[in-house]
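These notes concern the structure reproduced below.
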Amino acid sequence: MKYQANKIEKKWQKYWEDNNTFEAKDYDKREKFYGLVEFPFPSGEGLHTGHLRSYTAMDVICRKKRMQGFNVLFPMGMDAFGLPAENYAIKTNTHPQITTRKNIDNFVRQLKGTGFAFDWSRFISTTDPEYYKWTQWIFIQMFKKGLAYKSSENINWCTSCKIGLANEEVVAGACERCGGEVIKKEKEQWMLKITDYADRLIDGLDNINFLETIKKQQSDWIGKSEGAEIQFKVKSQKSKVSEELKVFTTRPDTLFGATFMVIAPEHPILRKLESDIKNISEIKEYIEIATKKTDIERASEDKAKTGIELKGLKAINPVNKEEIPIFVADYVMMGYGTGVIMAVPAHDQRDWEFAKKYNIEIREVISGGDISQAAYIEEGLAINSEKFNGLETEEFKEKIIKYLEDKKLGKATVNYKLHDWIFSRQRYWGEPIPMINCTKCGWLPVPEDDLPVELPQVDDFRPGDDGESPLTKATEWLNTTCPKCKGSAKRETDVMPNWAGSNWYFIRYTDPKNDKELVDRKKADYWLPVDWYNGGMEHNTLHLLYSRFVYKFLADINVVPKHKDIGDEPYSKRTAQGMILGEGGVKMSKSKGNVINPDGYLDKYGADTVRIYEMFMGPFDQSIAWDDKGVNGVYRFLNKVWDLQDKVVEKEISKEVQNLIHKSIKKVGEDIDNMRFNTAVSQMMILVNALDKESEISKEVFERFVLILAPFAPHMAEEMWQALGNKNSLASFAWPDYDKNLAQDDKVIIGIQVNGKVRDDIELDFDTEPSESLQAEILAREKVVRNIKDKEVVKFIHIRNKIISIVVK
RNA sequence: GCCGGCGUGGUGGAAUUGGUAGACACGCAGGACUUAAAAUCCUGUGGCAGUAAUGCCGUAUCGGUUCAAGUCCGAUCGCCGGUACCA
């Protein structure tokens, strides 16, 4: 019988569904395994090959775990809120609800057609009110704990999306999503205080099994630096002022070398002391140019620093009372530290360049460099620092901080790159922020019994040109009563960002239908943490950081467990796959028209072929180009496998085949555990090529092969398993064992080198020990003799099972 | 600039982590089957020289350590990803 992929795939997909083969059982006695993949955004284009790579990998892992006797939870859902759905709605004037439902159906169809062993009974969508009720509930809990607050600040404003963006969503000065121009705009925003968790987000990385590069990305993003905050008094020539400039520095030991100060153009002191600045009109001009510049322009100015001195004002160095000039310059950012720096040109390269340009004194206070050439940024012994002279940097730092603290001139402090998280979007297709504003009582959360706050129907999904949310147009919904004084009040019209639903979804999978609480604590205790989370490289920083933050918060309020080994971390292991590129190695994109939709391949070759190709195409963690011919090669392999069935008989197993099957079981198992799927597949190819050469194949051997093939090509494996006379699905059948001794070849061929060059090889019994007789035998071999000639053997090295190396002179 | 990763045949890639470089697959060439093509099967396939045996060269480049280097060390070049005036 010919291999008919589509027929057997449909048959088994139906079987799995009818028999709930992949249902995860709460509280089961078997050891649990929670495997997680990132749920997709259901776009109009359907699944792409990248989704399949990630999902197939975790599917292979989960199927193997299930065969090994684990109670596996492998869930799927849809992250369906977001801009693309909304932009599509604006374009076509269709409600996002409708397009989203259609897209979800299409995604589910494609996922089921690929044969993933998801527990579909736990399916969730972030747009389902039963789900986002709890997204809103989390927000309210954060508000109650003071972690959600409203703040008016300069936000990044995408002129194209007409939406506020978090700093994290601005890439090189442009909108992360649409690439549009980003400008600064003042706006009232809900903020989440993720900075309160900064230290815990760093410390938590210690005990979890993430790739080292991911850990580094996480901690670099948080960007913790320890240093000191120091106050400089400001002195005006014109009037008595009591203003102070606070600076943050990681090098308080260079304080005596501060010869000027620089403040950011946005710094509020400029407005306060306007009348004291003699050259104010010049300054104002500079500020105007600076604030007009987008970040991208500020950054691309060839590193040439510009700035202007504030005439009429001086700052006083708190340790030596020196009066130093103050500059405004756009290389200092309001968003980091205090927006003011003490410039130490001798020991900071940017300050050095600035001082050279504006002819400011460069005073060396740390010895060891040549400050006439460049700033010396290393540590060293202090000089020109009065009573601190001669101290090592570390000791100096401690002493000067103590000194400043005693005199109330400064203090030790910690600074982070991480900003609080802007959580408001003035858009339509998101979770409404469940807050009510009463003119008398202020901001109050919607009573929890009234959740969810459902997204109201509106006719126009477009944000207002003033940047207000489309929800302001839903007047009936907008006007409500104050939960406290019962007076008239208004609802918050901003919605939550895309991240809101995706930063806790993995918790909900453990109890997806609970309408009483976010999750039944007993179920969460059973299933969490996630044992293995695989996803895209692009989510290694933000999504991971946000969801770790939310988990820690939920653990603090006792909604989810803290674990014995990894504490309040949600994922014990995280891996990431490489991207799949279009043919020729270019990034797939709609605009290039080279996006590969798996549907065509699923129809033509079947899911098993596509699955194996995705695993075989290259190392899992590297980007790789799609190759149509490679798909065909895998299809050939599966046909060969299928045809082997005709040769299966009950018979004795030859020694060679016994060795090969045990070796294969070992290698395929180990390779799956290490995500080395490509070599697992090639091992199966080697096995199949060998079996193909036999005239008859032992049933026992073939059964074992079918079992190791099953995670990769589950449909074909089930069909062949049944044909071998088995009644039930192999999904929970035992993963085969291997015998260590049988997996080991009993002969090895090793090379014989003469002066480092391989001249001969010899077959030896495995584990043959070096011996004199063997040495004599080797030295008598014809090729060896020929290569030694008349030279003297000075060394004879025999490394067991590896090499024989002869050194001659 | 800084941080991380990588560089192996015509192509994707393997190499037990210092021990016969090129597994497996794609492609290509030749052959079988066929009226023919597709599919399938067989053979060959790193480069150079040679009928061959074999020899020399070969893992981005240069140098080092070692009996032995794709693997370790140093320098250089190139590519990819992250980040960007972070005080």
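Throughout, protein chains are lettered first and strands after them, A, B, ... in sequence-line order, and every chain is numbered starting at 1. Note that the structure is predicted; figures quoted are calculated from it, not measured.
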ask   = Taking everything shown except I316(A) itself, do over 12 heavy atoms lie less than 6.0 Å from its CD1?
value = yes
message = Does any part of the side chain of F620(A), heavy atoms only, come nearer than 4.5 Å to the side chain of Q622(A), both counted from C-beta?
response = no
When the distance from [atom1] of [X] to [atom2] of [N] is rounded to whole Å, what number comes out?
{"X": "N787(A)", "N": "rU20(B)", "atom1": "CG", "atom2": "P", "answer": "18 Å"}
{"X": "D671(A)", "N": "rC24(B)", "atom1": "CG", "atom2": "P", "answer": "16 Å"}
{"X": "Q217(A)", "N": "rC2(B)", "atom1": "CD", "atom2": "C1'", "answer": "14 Å"}
{"X": "W221(A)", "N": "rC86(B)", "atom1": "CH2", "atom2": "P", "answer": "15 Å"}
{"X": "K640(A)", "N": "rC24(B)", "atom1": "NZ", "atom2": "P", "answer": "11 Å"}
{"X": "Y635(A)", "N": "rC24(B)", "atom1": "OH", "atom2": "C1'", "answer": "21 Å"}
{"X": "I214(A)", "N": "rC3(B)", "atom1": "CD1", "atom2": "P", "answer": "20 Å"}
{"X": "D330(A)", "N": "rA87(B)", "atom1": "CG", "atom2": "C1'", "answer": "15 Å"}

Sidechain N-carboxylate O distance under 4.0 Å for [X], [Y]:
{"X": "R574(A)", "Y": "E38(A)", "result": "yes"}
{"X": "K647(A)", "Y": "D692(A)", "result": "yes"}
{"X": "D643(A)", "Y": "K2(A)", "result": "no"}
{"X": "E782(A)", "Y": "R759(A)", "result": "no"}

Checking base pairs now: Watson-Crick or wobble, both atom distances under 3.5 Å. What partners [N]?
{"N": "rU76(B)", "answer": "rA60(B)"}
{"N": "rC86(B)", "answer": "none"}
{"N": "rA21(B)", "answer": "none"}
{"N": "rU16(B)", "answer": "none"}
{"N": "rA49(B)", "answer": "rU54(B)"}
{"N": "rC41(B)", "answer": "rG31(B)"}

Determine the interatomic distance between [atom1] on [N] and the same-named atom on [M]; round to the nearest Å.
{"N": "rC57(B)", "M": "rC6(B)", "atom1": "P", "answer": "29 Å"}
{"N": "rG27(B)", "M": "rC72(B)", "atom1": "P", "answer": "34 Å"}
{"N": "rU76(B)", "M": "rG1(B)", "atom1": "P", "answer": "12 Å"}
{"N": "rA32(B)", "M": "rA37(B)", "atom1": "C1'", "answer": "15 Å"}
{"N": "rA23(B)", "M": "rC79(B)", "atom1": "P", "answer": "30 Å"}
{"N": "rG55(B)", "M": "rG50(B)", "atom1": "C1'", "answer": "9 Å"}
{"N": "rG74(B)", "M": "rA21(B)", "atom1": "P", "answer": "26 Å"}
{"N": "rC2(B)", "M": "rU71(B)", "atom1": "C1'", "answer": "28 Å"}

Side chain of [X] only, please: which of [options] is the nearest?
{"X": "I799(A)", "options": "rU20(B), rG19(B), rC86(B)", "value": "rG19(B)"}
{"X": "R759(A)", "options": "rC85(B), rA87(B), rC56(B)", "value": "rC56(B)"}
{"X": "R786(A)", "options": "rU20(B), rA25(B), rU54(B)", "value": "rU54(B)"}
{"X": "I803(A)", "options": "rU54(B), rU20(B), rC24(B)", "value": "rU20(B)"}

request  = Enter syn or anti for the glycosidic conformation of rU65(B), syn applying to angles within 90° of 0.
outcome  = anti
message = Tell me if rG31(B) is syn or anti. Syn = glycosidic torsion within 90° of 0, anti otherwise.
response = anti
Below the 4.0 Å mark, does [N] have OP1 or OP2 next to a side-chain nitrogen or oxygen of [X]?
{"X": "K783(A)", "N": "rU54(B)", "answer": "yes"}
{"X": "R350(A)", "N": "rC86(B)", "answer": "yes"}
{"X": "R636(A)", "N": "rU40(B)", "answer": "yes"}
{"X": "N632(A)", "N": "rA39(B)", "answer": "no"}
{"X": "K417(A)", "N": "rC86(B)", "answer": "no"}

Give [X] one of three labels, base, sugar-phosphate or nothing, depending on what nucleic acid heavy atoms sit under 4.0 Å from its own.
{"X": "F637(A)", "answer": "nothing"}
{"X": "S805(A)", "answer": "base"}
{"X": "N689(A)", "answer": "sugar-phosphate"}
{"X": "G633(A)", "answer": "sugar-phosphate"}
{"X": "K757(A)", "answer": "sugar-phosphate"}
{"X": "R800(A)", "answer": "nothing"}
{"X": "I686(A)", "answer": "sugar-phosphate"}
{"X": "Q753(A)", "answer": "base"}

task = Take D627(A) and I750(A), find for each the nucleotide of RNA chain B with the closest heavy atom, and name the residue whose nucleotide sits nearer the 5' end.
result =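 Closest to the 5' end, via its nearest nucleotide, is I750(A).
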Residue met sooner reading RNA chain B from 5', once K216(A) and Q683(A) are mapped to nucleotides = K216(A)
task = For the pair D348(A) and R251(A), evaluate salt bridge (Lys or Arg N to Asp or Glu O under 4.0 Å) and give the outcome as yes or no after the intermediate values.
result = CA-CA 10 Å; D348(A) 179 284; R251(A) 294 294 299 270; over 6 Å; no
message = I'd like to know whether F637(A) forms a ring pair (Phe, Tyr, Trp, His ring centres under 6.0 Å) with F616(A), so could you lay out the CA-CA distance, the side-chain angles of the two residues, the decisive distance to 0.1 Å, and finally the verdict.
response = CA-CA 12 Å; F637(A) 164 69; F616(A) 182 59; 8.3 Å; no
ask   = What is the minimum heavy-atom distance between I400(A) and L255(A), and which atoms define it?
value =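 Minimum heavy-atom contact is CD1-CD2, 4.3 Å.
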request  = Apply the side-chain contact (heavy atoms from CB on, under 4.5 Å) test between I214(A) and each candidate in T575(A), L205(A), T541(A), N540(A); give the one that qualifies.
outcome  = N540(A)
Review item, nucleotides 13-16 of chain B N/O atoms under 3.5 Å of protein N/O:
{"unit_1": "rA14(B)", "atom_1": "OP1", "unit_2": "N678(A)", "atom_2": "ND2", "d": "2.9"}
{"unit_1": "rA15(B)", "atom_1": "OP1", "unit_2": "R676(A)", "atom_2": "NH2", "d": "2.7"}

task = Please test F354(A) against Y331(A) for ring pair (Phe, Tyr, Trp, His ring centres under 6.0 Å), starting from the C-alpha separation and ending with a verdict.
result = CA-CA 10 Å; F354(A) 194 85; Y331(A) 81 87; 5.6 Å; yes
